[in-house]
Amino acid sequence: LYGLRYRMTYSITLDNHLIVFVSYSQKYLYQFCAELQSEIFILTDWFTDDLFQVDGAHRVVAPVNRILVDTERFSDDSQEAMAALGMGCLYSHGPSGQRLRHDLSAQEREELLTRYYAAHNNALVTAVNACLDKNDRCLLVDCHSFPDTPMPHEQDLELRPDFCLGTTKRNTPADLQGFIQEGLKSFGYTVAINHPYQGCLLPSVFDGDARVTAIMIEVNRKLYMDQAAYQDEVPEKGNNFSVVVNHLTDLIGEVAERP
């Protein structure tokens with residue numbers, strides 16, 4: 001998992017004040033690391049780069065799978081609770097406890113953080129600043145999916161909802177949360193707030209900036225794919241995929257049009 005190289009390319013297109021941020025969708029490692037397929041299958045937010053398609057939104061999509069570099073974890077393991085399980089920003093182990101790679105040297109760690117972690121998060125900061133320069137406001141949607149059954153390392157025993165909305169303390173207005181929550185419910189979905197996952201990725205430089213609002217939208221994978229079909233081949237989108245896409249597109253589009 002160290003010798004892989006990906007080309008990092010980002011361009012900024014701002015047709016409105018909406019930024020869609022996708023960190024865990026990349027699946028390319030799945031076909032090249034047969035011995036790690038079960039771990040990659042669980043950890044990948046399958047098809048979220050296709051689920052969240054909103055006209056006019058600027059997209060920041062991570063170019064690598066999270067088992068190579070998790071761009072949403074703290075880069076300092078002393079600040080990252082998941083590092084104790086070997087799942088900080090540079091995983092040594094997967095959710096099942098399987099060893100993923102050798103212990104990285106300081107040089108290897110720094111190279112991965114610079115090449116992928118810093119580049120990806122800097123791209124988000126640059127996009128938000130460009131959005132503020134043009135619109136004087138920015139709505140950041142942190143896009144994820146989750147398995148209907150808890151991962152092996154998780155202690156979540158409650159029934160999982162169709163959607164989870166993650167919020168921040170100072171950048172997620174109650175009316176934004178309420179609008180999205182009620183919109184999803186109007187489509188017949190169940191919705192939980194900060195369960196089974198909580199929070200929302202927001203660059204610290206914008207924490208408390210009234211011009212920047214942020215929310216995480218997590219989709220239960222049972223809604224759009226067969227969660228069991230990962231043996232020997234890449235999973236496929238389910239029959240309901242286009243329905244979920246249309247619901248998300250309509251709802252997020254309405255959110256972007258709000259004053």
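Because the structure is predicted, anything quoted here is derived from the model rather than measured.
- With hydrogens and angles disregarded, a donor-acceptor distance shorter than 3.5 Å links the side chain of Thr48 to the backbone of Asp45.
- For Thr44 (side chain) and Ser25 (main-chain N/O), no donor-acceptor pair under 3.5 Å exists by modelled atom type.
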From CA spacing to verdict: ring pair (Phe, Tyr, Trp, His ring centres under 6.0 Å), Phe146, His195: CA-CA 11 Å; Phe146 60 95; His195 171 78; 8.7 Å; no
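- Of all the heavy atoms in Asp77 and Gly88, the pair that sits closest is OD1-CA, 4.1 Å.
- Inter-residue side-chain proximity for Phe241 and Leu51 is flagged as met; some heavy-atom pair is nearer than 4.5 Å.
- Distance check, rounded to the nearest 0.5 Å: CZ of Phe206 to CG of Leu124 gives 7.5 Å.
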Leu184 vs Leu165, side chain to side chain contact (heavy atoms under 4.5 Å, CB included): CA-CA, chis, key distance, verdict: CA-CA 10 Å; Leu184 291 170; Leu165 300 182; 4.2 Å; yes
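- For Asp207 against Leu202, the heavy-atom pair with the smallest separation is CA-CD2, 3.9 Å.
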Report the C-alpha distance between Val69 and Arg115 in whole Å, list the side-chain angles of each, state the deciding distance to 0.1 Å, and finish with yes or no for side chain to side chain contact (heavy atoms under 4.5 Å, CB included). CA-CA 10 Å; Val69 179; Arg115 181 182 294 271; over 6 Å; no
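- Under the 3.5 Å distance criterion, the side-chain polar atoms of Ser186 are matched with a main-chain donor or acceptor of Gly183.
- Here the straight-line distance linking atom CG of Asp133 with atom SG of Cys138 works out to 11.0 Å at 0.5 Å rounding.
- In terms of modelled atom types and a separation under 3.5 Å, the side chain of Glu39 and the main chain of Leu36 share no donor-acceptor contact.
- In this structure, Phe179 and Arg258 have side chains that are in contact, with non-hydrogen atoms separated by less than 4.5 Å.
- Ion pairing between Glu154 and Arg160 holds under the 4.0 Å rule for side-chain N and carboxylate O.
- Contact of the Val191 side chain with the Ile180 side chain is not registered, since no non-hydrogen atoms from C-beta on lie closer than 4.5 Å.
- Considering SG of Cys200 and CG of Asn171, their distance stands at 8.5 Å, rounded to 0.5 Å.
- For the pair Val128 and Val205, the minimum side-chain heavy-atom distance is 4.5 Å or more.
- A donor atom on one side chain and an acceptor atom on the other are not found under 3.5 Å apart for Thr71 and Asn121.
- Put simply, the residue from Ile217, Ile19, Val54 that forms a side-chain contact (heavy atoms from CB on, under 4.5 Å) with Val141 is Ile217.
- Across all their heavy atoms, Asn220 and Pro161 have their closest contact at ND2-O, 3.0 Å.
- Taking a 6.0 Å sphere around CG of Asp55, one finds it holds 12 or fewer heavy atoms contributed by other residues, nucleotides or ligands.
- Residue Asn239 places its CG atom among 12 or fewer non-hydrogen atoms of other residues, nucleotides or ligands, all under 6.0 Å distant.
- Side-chain atoms of Asn194 come within 3.5 Å of backbone atoms of Gly199 as a donor-acceptor pair (strictly under, hydrogens ignored).
- Ring geometry for His247 against Tyr189 counts as perpendicular: the plane angle is over 60°, on a 0 to 90° scale with 30° as the lower cut.
- Judged by distance alone, with hydrogens and angles left aside, the side-chain atoms of Asp70 form no donor-acceptor pair with the main-chain N or O of Arg66 at under 3.5 Å.
- Atoms CZ and CZ, on Phe47 and Arg221 in that order, are 10.5 Å from each other to the nearest 0.5 Å.
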Would Asn240 and Tyr224 count as a side chain to side chain contact (heavy atoms under 4.5 Å, CB included) if you check the C-alpha gap in whole Å, the side-chain angles of each, and the deciding distance to 0.1 Å? CA-CA 5 Å; Asn240 204 46; Tyr224 66 87; 5.6 Å; no
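- The two residues Cys143 and Val20 come nearest to each other via the heavy atoms SG-CG1, 3.4 Å.
- Taking the six-membered ring where the residue is Trp, Trp46 and Phe41 present tilted rings, their angle falling between 30° and 60°.
- Using a 4.5 Å heavy-atom cutoff, the side chains of Met87 and Pro95 are in contact.
- Here the straight-line distance linking atom CG of Leu90 with atom CG of Leu100 works out to 11.5 Å at 0.5 Å rounding.
- Hydrophobic clustering of Ile, Leu, Val, Met, Phe, Trp and Tyr side chains at less than 4.5 Å, counting indirect connections, keeps Met82 apart from Tyr24.
- Using a 4.0 Å cut-off between charged nitrogen and carboxylate oxygen, Asp162 and Lys222 count as a salt-bridge pair.
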Please walk me through it: do Thr167 and Ile193 pass side chain to side chain contact (heavy atoms under 4.5 Å, CB included)? CA-CA 8 Å; Thr167 64; Ile193 307 299; 4.3 Å; yes
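- Contact between Cys89 and Arg109 at its shortest, heavy atoms only, is SG-NH2, 4.0 Å.
- At a threshold of 4.5 Å between non-hydrogen side-chain atoms, the residues Leu248 and Phe52 count as touching.
- Test Arg101, Arg73, Arg99 against Tyr91 for side-chain hydrogen bond (donor to acceptor under 3.5 Å, both in side chains) and you get one pass: Arg73.
- Both Ile215 and Leu18 are members of a single hydrophobic cluster when ILVMFWY side chains are connected at heavy-atom separations under 4.5 Å.
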Go through it in stages, so that I can follow the logic: the residues are Arg170 and Asp209, the test is salt bridge (charged side-chain N to carboxylate O under 4.0 Å, His left out), and I'd like the CA-CA distance, side-chain angles, deciding distance and then a yes or no. CA-CA 8 Å; Arg170 302 202 295 172; Asp209 189 329; over 6 Å; no
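- Between Glu182 atom CD and Leu251 atom CG the span is 11.0 Å, to the nearest 0.5 Å.
- Ser23 and Glu72 share a donor-acceptor pair across their side chains, judged by distance under 3.5 Å alone.
- Val125 and Val212 fall within a single hydrophobic cluster, where Ile, Leu, Val, Met, Phe, Trp and Tyr side chains are chained together by heavy-atom contacts under 4.5 Å.
- The nearest pair of heavy atoms linking Arg137 to Cys131 is O-SG, 3.3 Å.
- The closest side-chain heavy-atom distance from Arg59 to Asp49 is below 4.5 Å.
- Side-chain atoms of Gln26 and Val61, non-hydrogen and from C-beta on, do get closer than 4.5 Å to each other.
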